[in-house]
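The structure under discussion appears below in the form of C-alpha cells.
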Amino acid sequence: MTIKEAVLDALTGVRDPELDEPLTNLGFVSEVEVLGDAVRVWLRLPTYFCAPNFSYLMVEDSREAALSVPGVRSAEVMLDGHHASGEINTGVGDERGFDSSFAGETNGEDLSGIRTTFRRKAFVRRQEILCRELLSDGYAAVELAGLALGDAPYSEALETYVGRREELGLDVSEGSPLVVDPDGNRVPEEAVVQHLRFARTTRVSIEGNAAHCLGLLAARYGSPEPEEASA
C-alpha cells in the first residue's frame with residue numbers, strides 16, 4: 001500500500017460530525033498529495049457557509065488521521081471554498097484551537113461538547129439501523145430489550161454500532177444489554193417500542209441532512225471522482 005493509499009484509508013475513519021458518514025464516502029476529500037514524508041489533503045464542503053465549528057473538527061480530525069500513517073512526518077489539510085478557510089486552515093495547522101482561531105467571534109463553545117452531542121446522535125442512529133435489521137430477521141421488539149450484545153448475530157451493522165458505543169465510553173462487553181440509551185442505561189421492555197420510534201426520527205433526520213448535503217455538493221462540484229467515492 002502506498003502512502004497515498006494509506007492516508008486515504010486513514011481518512012475513512014474521519015466522519016462529518018453531523019452526518020455520521022466518512023468524509024471519503026461523502027466526497028469531501030478532493031485530493032491527496034504526497035511529497036516524500038509530507039502529505040497535503042484538500043477538503044471541500046457542500047456550501048461556502050457550512051458551520052465553522054463542524055468544518056474545524058473535520059479539518060482537525062483529517063490532519064490527525066494523516067499524521068497517524070507510518071512514514072508521514074508532516075501533514076497539512078487545506079479546506080477550499082469556505083468563508084472561513086483561512087482561519088480554519090491556519091488554526092488547525094498551528095494547533096491553536098477553535099476559540100483562538102476565531103478570537104472574539106465565538107461564545108466559548110466547547111468543540112468536545114459538540115462532538116459528544118453528535119456522537120450520541122450517531123449512536124442512536126446506528127442502534128436503530130441494527131434493531132431494524134434484527135426486526136426484519138424475525139425478532140420482536142420486546143425481545144430486543146432482553147438481548148445482550150453477545151446474543152446478536154454478527155453483521156456490519158452490529159460492528160458499527162459497537163464502535164459508536166465505544167466512542168461514548170459505554171459498555172461493549174458481550175453480556176451488556178443490546179438496547180441502551182446514550183448514557184448506557186438498559187431500555188426496559190415496556191419502553192423499547194417508543195425508544196425505537198424516537199431512534200427512527202433521529203436516523204431519518206441525519207440521513208435526510210446527508211442526502212441534502214450530497215445534492216448540494218453535486219450541484220457545486222459535480223459527482224465525486226470514483227476514487228474518492230470508494231475510498
Side-chain angles (χ1 to χ4, degrees), residues 9-26 28 51 53-54 56-58 60-62 64-65 68 98 109-214 230-231:
D9 184 61
L11 290 171
T12 64
V14 180
R15 306 196 306 273
D16 181 307
E18 187 178 21
L19 305 182
D20 185 37
E21 291 292 343
L23 304 191
T24 48
N25 289 359
L26 293 167
F28 291 0
N53 48 8
F54 299 161
Y56 194 97
L57 284 172
M58 287 185 273
E60 186 175 56
D61 290 352
S62 296
E64 290 180 3
S68 74
F98 182 71
E109 60 187 331
D110 182 359
L111 288 192
S112 64
I114 292 173
R115 190 190 297 277
T116 298
T117 295
F118 282 101
R119 280 180 173 174
R120 289 168 70 92
K121 291 183 178 181
F123 158 83
V124 171
R125 177 199 177 205
R126 295 297 178 170
Q127 183 183 89
E128 197 276 343
I129 290 173
L130 172 62
C131 288
R132 187 156 41 91
E133 183 178 277
L134 293 173
L135 291 171
S136 69
D137 287 341
Y139 287 88
V142 292
E143 287 183 272
L144 299 182
L147 291 181
L149 273 180
D151 297 328
Y154 175 79
S155 65
E156 288 186 11
L158 175 64
E159 183 178 7
T160 303
Y161 171 56
V162 170
R164 299 298 187 269
R165 283 177 70 136
E166 286 183 309
E167 287 181 347
L168 289 176
L170 304 183
D171 188 356
V172 294
S173 64
E174 290 195 353
S176 61
L178 177 74
V179 184
V180 297
D181 65 22
D183 294 316
N185 302 309
R186 177 195 289 270
V187 176
E189 182 178 308
E190 64 273 14
V192 72
V193 172
Q194 185 62 34
H195 175 80
L196 292 179
R197 285 176 181 165
F198 171 78
R200 181 178 183 276
T201 64
T202 299
R203 174 183 63 80
V204 169
S205 175
I206 291 173
E207 293 177 0
N209 285 339
H212 179 65
C213 286
L214 288 176
S230 62

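Given the structure is predicted, the values throughout are model-derived calculations rather than measurements.
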Side chain to side chain contact (heavy atoms under 4.5 Å, CB included) between F54 and I114: does it pass, once the steps are laid out?
CA-CA 9 Å; F54 299 161; I114 292 173; 3.7 Å; yes
Where do L147 and V179 land on the side chain to side chain contact (heavy atoms under 4.5 Å, CB included) test, with the steps shown first?
CA-CA 8 Å; L147 291 181; V179 184; over 6 Å; no
The test is side chain to side chain contact (heavy atoms under 4.5 Å, CB included); show your working for L134 and L178 and say whether it passes.
CA-CA 11 Å; L134 293 173; L178 177 74; 3.7 Å; yes
Show the numbers, then the answer: is there a side chain to side chain contact (heavy atoms under 4.5 Å, CB included) between I206 and E128?
CA-CA 12 Å; I206 291 173; E128 197 276 343; over 6 Å; no
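When each of E156, E21, E166, E207 is paired with R126, the salt bridge (charged side-chain N to carboxylate O under 4.0 Å, His left out) condition holds for E21 and for no other. Considering T202, D183, D181 in turn, D183 is the only one that fulfils the side chain to side chain donor-acceptor pair (under 3.5 Å) rule with R120. Between Q127 and the choices R164, H195, R165, the side chain to side chain donor-acceptor pair (under 3.5 Å) rule is met once, by H195.
In this structure, N53 CG and M58 CE are separated by 9.0 Å, a value rounded to the nearest 0.5 Å. We find the OG1-CG distance between T201 and L196 to be 11.0 Å, quoted to the nearest 0.5 Å. Annotation: the span from C213 atom SG to L26 atom CG amounts to 8.0 Å, rounded to 0.5 Å. R119 contributes atom CZ, which lies 9.5 Å from atom OG of S112 (distance to the nearest 0.5 angstrom).
Here the closest heavy-atom approach between residue A145 and residue P188 is recorded as CB-C, 4.2 Å. Shortest non-hydrogen contact noted between A65 and A10 is O-CB, 3.5 Å. The nearest pair of heavy atoms linking P17 to L57 is CG-CD1, 4.2 Å. Among all heavy-atom pairs drawn from S62 and L23, the shortest one is OG-CD1, 3.5 Å. Between A140 and E143, the closest heavy-atom pair is N-OE1, 2.8 Å. Closest heavy-atom contact between L168 and T116: CD2-O, 4.3 Å.
Residue pairs satisfying the ring-ring contact (aromatic ring centres under 6.0 Å, His included) criterion with at least one member in residues 128-168, sequence neighbours excluded, are listed as follows: F123-Y161.
The side-chain heavy atoms of L11 and P22, taken from C-beta on, include no pair separated by under 4.5 Å.
Under the rule for a side chain to side chain contact (heavy atoms under 4.5 Å, CB included), the partners of S155 that lie at least two apart in sequence or sit in another chain are L130, E133, A157, L158. Applying the side chain to side chain contact (heavy atoms under 4.5 Å, CB included) test to Q194 and every residue at least two apart in sequence or in another chain returns R197. For R15, the salt bridge (charged side-chain N to carboxylate O under 4.0 Å, His left out) partners at least two apart in sequence or on another chain are D20, E167. Residues passing the side chain to side chain contact (heavy atoms under 4.5 Å, CB included) test with S173 are D171, S176, sequence neighbours excluded. Residues satisfying the salt bridge (charged side-chain N to carboxylate O under 4.0 Å, His left out) criterion with D137, sequence neighbours excluded, are absent altogether.
E189 places no side-chain N or O within 3.5 Å of a backbone atom of G146 that could act as its donor or acceptor partner.
The number of heavy atoms from other shown groups lying within 6.0 Å of CZ (R132) is above 12.
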